[in-house]
Protein chains: 2
Amino acid sequence: MGDIGADVYNKLREQLVAGEFTAGQLLREESLAERFGVSRTPIREALRRLQVEGFIEIAPHRGARVLGWRAEDISEVFALRGVLEPHAARQAALRLSEEDLVVARKLADGMERFAADRPDGFEDQIASLNNQFHTLIVSGSENYRLSEQVQSIMELARVRATFQRYSAHELGRSMSHHRELLDALTARDPEWAESVMKCHIFAARSVYR
Amino acid sequence: MGDIGADVYNKLREQLVAGEFTAGQLLREESLAERFGVSRTPIREALRRLQVEGFIEIAPHRGARVLGWRAEDISEVFALRGVLEPHAARQAALRLSEEDLVVARKLADGMERFAADRPDGFEDQIASLNNQFHTLIVSGSENYRLSEQVQSIMELARVRATFQRYSAHELGRSMSHHRELLDALTARDPEWAESVMKCHIFAARSVYR
DNA sequence: AGAACTGATTTTGCATACAATATCACACCC
DNA sequence: GGGTGTGATATTGTATGCAAAATCAGTTCT
């Protein structure tokens, strides 16, 4: 995709992640084209990509439909994250650069500040930082060849992450997991990092039941 | 994608998996369009999809390039398979239907026959059956929402699987792993199935070093 | 009333035309 | 000789037109 196409894809994707469309909603090429002020061509490419990435489904001649999340889907998501992310953390312990760690620490700091001050809409702010934090670790785990594919799955799996339903206690534990994970990564200790990440995912899963 | 587009995608993908293009080769939209007797439009959609799935890379205004596999990539592939497929086998033990198991047994039988008779090109025949076998198990592990994404990664990871380099001993062991996995699945024993699959992947990795 | 057909309308799928960008060859300058 | 700039060429990116397919409304038949 070129300049316009990439823009359209990013914006559409953002809006999907932000939940601006309801599950099952039909996405018409023509109306999206109007909405973004472009022709159907870049819209089609963006939709195709979002389909492969698992955000929408496209039936031939019938259009694109926003996929929803059932309870079982959420459960699968955590099963998958519980396997993939600890593995990623293990690899990341040996591979992340010092600069990456600096960035990760800043992200964790940011989350803790939001968790302490609790300004309006702080849950979304934390969710955004949290995504960046996990993305950083996953992308530090594989090399360029598989990284994007794994990344894509993990992002899809993290789409529904919201901190609205976290209690103060759970939020605090999540923050402390981040801190401990950073310590493990800084110590370049793969098994420690893997264990912490496993706890982190299991704890997150418990919030969703 | 409609009828033509889906065809183009399938054929292109087959040819990529079959290794009909050399790594680094540029795939020009115009020549592919001629080759398949269609316009550039469905070609572009197929290329976009193959990009997301990790077969090729596309640089804006610069075209599509076939990605190759370096030694580290292969190593990553096995690391990922070593985590994902045992997990999949574990889930599959509880989820595969009896009909699925019948199919899986037939695939294993077929592989063993090829391994015993060793007709011309039997390695490719085994590879094809082996892909179906593993695909069946992975697809039986997740529900519809994440299944295709995981499937897509695992297929990409299995692209290079060739049995050319297996010794008779290694081939025999691989077949016996399949057999044991089927027993574990039939017994609906998740931990057994997971363990066998882990051995299976580790053993396969050893062939590639 | 409900099921099944038929034509109008909408929407997608593909082809084609044009615009924007990158690539390459060749001349030019230092 | 090597680097740099410039125009021609090739290739991709986007828009648009048309054909094919699905949807929907209205009608007819049972």
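Chain naming here is simple, since letters A, B, ... match the order of the sequence lines and numbering starts at 1 in each. Predicted model only: the values in this text are computed from it and were never measured.
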Once salt bridge (charged side-chain N to carboxylate O under 4.0 Å, His left out) is applied, do any residues pair with [X], and if so which ones, sequence neighbours excluded?
{"X": "A/Glu123", "result": "none"}
{"X": "A/Glu99", "result": "none"}
{"X": "B/Glu29", "result": "B/Arg40, B/Arg44"}
{"X": "A/Arg13", "result": "A/Glu155"}

*How would you list, by chain and number, every residue that makes a side chain to side chain contact (heavy atoms under 4.5 Å, CB included) with B/Glu34, sequence neighbours excluded?*
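B/Glu34 satisfies side chain to side chain contact (heavy atoms under 4.5 Å, CB included) with no other residue.
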*Would you mind listing every salt bridge (Lys or Arg N to Asp or Glu O under 4.0 Å) that reaches into residues 196-209 of chain A, with sequence neighbours excluded?*
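The answer is none; no pair qualifies.
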*Within residues 4-11 of chain A, residues whose heavy atoms come under 4.0 Å of DNA chain D*: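 Within residues 4-11 of chain A, the residues near DNA chain D are A/Ile4, A/Gly5.
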*Looking at DNA chain D, which of residues 21-30 of chain B put a heavy atom within less than 4.0 Å of it?*
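Here the set is B/Leu27, B/Arg28, B/Glu29.
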*asked:* Suppose we screen for ring pair (Phe, Tyr, Trp, His ring centres under 6.0 Å). Which residues come up paired with B/Phe78, at least two apart in sequence or across chains?
replied: B/Tyr208
*asked:* Test of understanding: with ring pair (Phe, Tyr, Trp, His ring centres under 6.0 Å), list the residues that count as partners of B/His134, not counting sequence neighbours.
replied: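 B/His134: ring pair (Phe, Tyr, Trp, His ring centres under 6.0 Å) contacts with B/His178, B/His200.
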*asked:* List the residues meeting side-chain hydrogen bond (donor to acceptor under 3.5 Å, both in side chains) with A/Thr186, not counting sequence neighbours, and say none if there are none.
replied: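 Testing A/Thr186 for side-chain hydrogen bond (donor to acceptor under 3.5 Å, both in side chains), a comparison that skips the adjacent residues, returns A/Arg105.
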*Do nucleotides 20-25 of chain D as a string where each nucleotide becomes B, S or -: B if the base has a protein heavy atom under 4.0 Å, S if just the sugar-phosphate does, - if no protein is that close.*
-SSS--
